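Just below is one structure, and these are the notes that go with it.
Just so we're on the same page: letters track the sequence lines, and every chain starts at 1. Note that the structure is a prediction, hence the values are computed from the model and not measured.
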Number of protein chains: 2
Amino acid sequence: MRIELLTTGTELLLGTTQNTHGAWLGQELFKLGLRLQRQVTVPDGPAVVAAMADAVEVADVLIVTGGLGPTSDDLTRESIAEVFGIELVEDEHALRTLVEFFEKRGKVMADTNRKQAMVPVGADVLSNANGTAPGLYLPPRLSGGKNCAVFLMPGPPSELYPMVRGEVFPRLEALSGLDELPAMREMCFVGVGESDFHQSVDARLEAIEGLEVGYCARLGEVDLRLVGDEAAIDQGREIALEEFAEFLVSEDGATLEAAVVRLLAKQGKTMATAESCTGGLIANRVTDVPGSSGVFRYGYVTYANEAKRDLLGVSWEDLEKVGAVSETVARQMAEGALRNAEADVAVAVTGIAGPDGGSEEKPVGTVFLAVAVKGGETKVEKQFHPRSRVSFKRAVSQAALDLVRRALGNVV
Amino acid sequence: MRIELLTTGTELLLGTTQNTHGAWLGQELFKLGLRLQRQVTVPDGPAVVAAMADAVEVADVLIVTGGLGPTSDDLTRESIAEVFGIELVEDEHALRTLVEFFEKRGKVMADTNRKQAMVPVGADVLSNANGTAPGLYLPPRLSGGKNCAVFLMPGPPSELYPMVRGEVFPRLEALSGLDELPAMREMCFVGVGESDFHQSVDARLEAIEGLEVGYCARLGEVDLRLVGDEAAIDQGREIALEEFAEFLVSEDGATLEAAVVRLLAKQGKTMATAESCTGGLIANRVTDVPGSSGVFRYGYVTYANEAKRDLLGVSWEDLEKVGAVSETVARQMAEGALRNAEADVAVAVTGIAGPDGGSEEKPVGTVFLAVAVKGGETKVEKQFHPRSRVSFKRAVSQAALDLVRRALGNVV
């Protein structure tokens, strides 16, 4: 089954918005045993019709993103109708859903939004819980003999992702005649790089018959995807664990923060955060996890020295003597957070995110991380992540959450 | 001049590597007054020939990235030779450069790398200071009557960027006979939707001659892009401001958080955050901005009621009587943060992020936001964002930062 993605939007070609749909969709399709064969980006306007006409000639499935909004440059609906020679009509149900979307938020729908209820005759309307633009599904019979199924999807990821998962994938499974999804195992490793896998296990994994191997490297994380029959996956899993068991965070797609929350819940423990250079990112990641309120109760963002003293009881003398970015202060931050929040585990970070504030002794990228455990010993680590400010924060939050995971016993 | 980009690489469609070439090239071309008209991604292999053949039919310039390495799936050189019906020959100079590249690093060149010295007859070899793969330029006369210039470029950004700037752009300028750069203005509005623009200003903007209008809608934000001559841009800007001046956050591409930090710095003020349902996201966004340590000193993540009481002095009686998600508690959180952090402005949020925890009276998505100002009155707003947990947090952080912006006087 040949699947193509058409992303529309002038901003994507002007470069003011990074196009992340292709990578995301590619990863999601891989999990279904499907492949994205081509991805095309064109600006809003007449180029959309040409790109659609071109794609439906060769593709079995065309997924189009963007151009479903209410403004004059949103022409995706009109374009597909033109390509297939079908009419657009106002859909009553779609219109009612739109009106309700605004009512729920105490607003009156603008007249221009009516356009979003226009539907090519015969298409399914896919409801959008997270925005105004409904999606549309045109089954192959509407394609004028091209035998191509077309999905029109909203552009914003917060609307696109749930709609693709909820509405597109079930239909793809039906279209592809997949009785059964291939088995897949996604293993998330933190603290090793993709090159470590290439170096030590990749050749052995590739040699396993009936196994497809994929990697997804993120900052401080590698996701290993094994797709195929159960026996081949088990064999691959063994090889990966032989080398990297201690770095394994989850085997069900759970993120590091989700794995930490799960470990805490399982052990009936709570954690606290004391953040300087990450500025709330660690707490933010933990609270992205549903149910985190059961295990996370206090977070301290102590950007200023006074905040470290007032909220965490860090010694002012030490702050002046050894400086905020030091082993001493990291330790006091973690222990102060543990004590004040009455938590079972507390993690603290203090470092230099940059671009300014570095010195020869402590260059930008320097960070001290500490983890304090109730009734246990506090561990402190010095690390160096010479990256952009935002990447630095991300890398440090990753290292901090991994310290908590290890402090909890590294049990998957 | 129609410019297209063909990015090749199986990893881009599997999603294991994010494709950032399009956005980067789009931005660079825009600065030259040129536009990227289409971007296509195909996997390594035979799809490259088809995509090239397709592009050279319509493009004046085709830039291809990737596939210049030494391995068996690197077929870009062979593909363009096939499309144009020209031969590949080993280029002496390219070979010598390759050998020297390895020698310089104390290594011996592997035999497989010889392949990288193969050049379509008549093409220019573009030297690569940062890697082994030389680039190639095929002037329009080689295109078998298609009149399309083709550049073959290495994929890694560290090799691609300098080669595009040093070798491609000078040739593009010569090919295009460039006149002047068009001007561009990007206006960021928060608190209005794209449909509001369409309703009230879009038609007037579209009517301005010589003006290109683009929108980019994000959660709780619209970026309006005006491109054209200065007079047309000024005219468009006036119309947008007539309707939406109070929602304008920046005119230089600054994010909402950057605009808030800038306002605080300009006024010599500090802010504090008191977060329940956003769990640190507001603080995290503020501290993404370089220099935020000058204006942001204390952040409280008070997920538990005890934390609201201990860190912010919220009344325990009120927490039990009216509940944490209430106007009373939001107000006390903001005022407690202002007091305890000795800040000039403090913002507080308390709400129900879901998926659990909602009730009939306070469904998932309910949130109270409060902003307290030194020597001023505290404002509290109730909002409703019935979205996924992560989108809810993002929308609430957006609303909270916008409250701070308004409390600071809404000055761009």
Side-chain angles (χ1 to χ4, degrees), chain A residues 10-20 22-27 30 35-42 47 69-73 104-105 110-113 130 156 158 162 214-217 279-281 283-284 286-288 290 293 296-299 301-304 306-307 355 389-390 393, chain B residues 12-16 18-20 22-27 30 35-42 47 186 194-199 202 206 214-219 225 279-281 283-284 286-288 290 293 296-299 301-304 306-307 355-356 384 386-391 393:
Chain A
T10 306
E11 72 280 6
L12 302 171
L13 291 165
L14 284 174
T16 52
T17 300
Q18 184 62 253
N19 189 349
T20 57
W24 177 79
L25 186 66
Q27 285 183 27
F30 186 92
R35 287 286 189 281
L36 185 59
Q37 247 91 12
R38 183 167 65 158
Q39 185 262 320
V40 174
T41 306
V42 294
T71 66
S72 56
D73 63 355
K104 238 184 167 176
R105 286 156 178 83
D111 246 8
T112 46
N113 285 92
N130 303 295
S158 60
Y215 297 95
C216 181
L281 176 57
N284 180 46
V286 170
T287 59
D288 274 352
S293 58
F296 177 74
R297 304 169 73 246
Y298 290 68
V301 185
T302 55
Y303 230 48
E306 289 81 358
R389 184 176 177 90
V390 170
K393 288 176 68 179
Chain B
L12 302 171
L13 291 165
L14 285 175
T16 51
Q18 186 62 253
N19 190 347
T20 56
W24 177 78
L25 186 65
Q27 285 180 24
F30 189 89
R35 290 304 163 75
L36 186 59
Q37 246 92 11
R38 183 167 66 156
Q39 185 264 320
V40 173
T41 307
V42 295
E186 205 165 15
E194 194 179 338
S195 56
D196 297 311
F197 278 83
H198 191 58
Q199 184 84 351
D202 196 38
E206 295 284 350
Y215 298 94
C216 181
R218 299 173 217 273
L219 200 49
R225 231 175 10 246
L281 176 56
N284 180 45
V286 169
T287 58
D288 275 352
S293 58
F296 176 75
R297 304 168 72 246
Y298 288 69
V301 185
T302 56
Y303 230 47
E306 289 81 359
D356 303 317
F384 185 48
R387 296 174 172 277
S388 73
R389 185 177 177 91
V390 170
S391 294
K393 288 177 69 181

Point to revise | Proximal component of B:Arg38, with respect to chain A [non-hydrogen, under 4.5 Å] | key: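 Both backbone and side chain of B:Arg38 come within 4.5 Å of chain A.
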
**Study point:** Option that, when pairs with chain B are counted at under 4.5 Å, heavy atom only, ranks first among A:Gly22, A:Gly299, A:Ala304
**Key:**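 The answer is A:Gly299.
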
Check your understanding: Taking every heavy-atom pair that is under 4.5 Å apart, which of A:Gly26, A:Pro162, A:Gly279 has the most such pairs with chain B?
Key ->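 That would be A:Gly279.
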
Point to revise | Stepwise side-chain contact (heavy atoms from CB on, under 4.5 Å) test for A:Val301 and B:Val301 | key: CA-CA 7 Å; A:Val301 185; B:Val301 185; 4.2 Å; yes

Between [options], which residue shows the highest count of heavy-atom pairs closer than 4.5 Å to chain A?
options	result
B:Ser391, B:Ser293, B:Ser195	B:Ser195
B:Glu306, B:Glu206, B:Gln37	B:Glu306
B:Ala23, B:Ala283, B:Ala47, B:Pro355	B:Ala23

**Study point:** Rounded distance (nearest 0.5 Å) linking atom CD of B:Gln39 with atom OG1 of A:Thr41
**Key:**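 OG1 of A:Thr41 is found 4.0 Å from CD of B:Gln39.
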
Exercise for review: Without swapping roles, check the side chain of A:Arg389 against the backbone of B:Thr287 for a donor-acceptor pair under 3.5 Å.
Suggested key: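 Such a contact is found between A:Arg389 side chain and B:Thr287 backbone.
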
Practice item. Answer yes or no: is there a donor N or O on one side and an acceptor on the other, between the side chain of B:Arg387 and the main chain of A:Asn130, under 3.5 Å? Key: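 Such a contact is found between B:Arg387 side chain and A:Asn130 backbone.
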
**Study point:** Note: B:Lys393-A:Asp288 ion pair, threshold 4.0 Å (strictly below)
**Key:**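 Salt bridge present between B:Lys393 and A:Asp288.
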
Check your understanding: Among B:Gln27, B:Arg35, B:Glu186, which one satisfies side chain to side chain contact (heavy atoms under 4.5 Å, CB included) with A:Leu14?
Key ->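 Passing option: B:Arg35.
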
Point to revise | Engaged part of A:Thr302 at the chain B interface, taking heavy atoms whose separation is under 4.5 Å | key: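 For A:Thr302, the backbone is the part near chain B, not the side chain.
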
Practice item. Identify, with sequence neighbours excluded, every residue that meets ring pair (Phe, Tyr, Trp, His ring centres under 6.0 Å) alongside B:Tyr303. Key: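 With neighbours one apart ignored, the set is A:Phe296.
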
Point to revise | Closest non-hydrogen atom pair between A:Leu36 and B:Leu13, with its separation | key: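 Shortest heavy-atom separation between A:Leu36 and B:Leu13 comes out as O-CB, 3.5 Å.
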
Review point. Can you list the residues that meet the side chain to side chain donor-acceptor pair (under 3.5 Å) rule with A:Gln18, with sequence neighbours excluded?
Key: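 Expected list: none.
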
Practice item. Using a 4.5 Å cut-off on heavy atoms from C-beta on, say whether the side chain of B:Gln199 contacts that of A:Pro70. Key: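 No. Closest side-chain heavy atoms not under 4.5 Å.
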
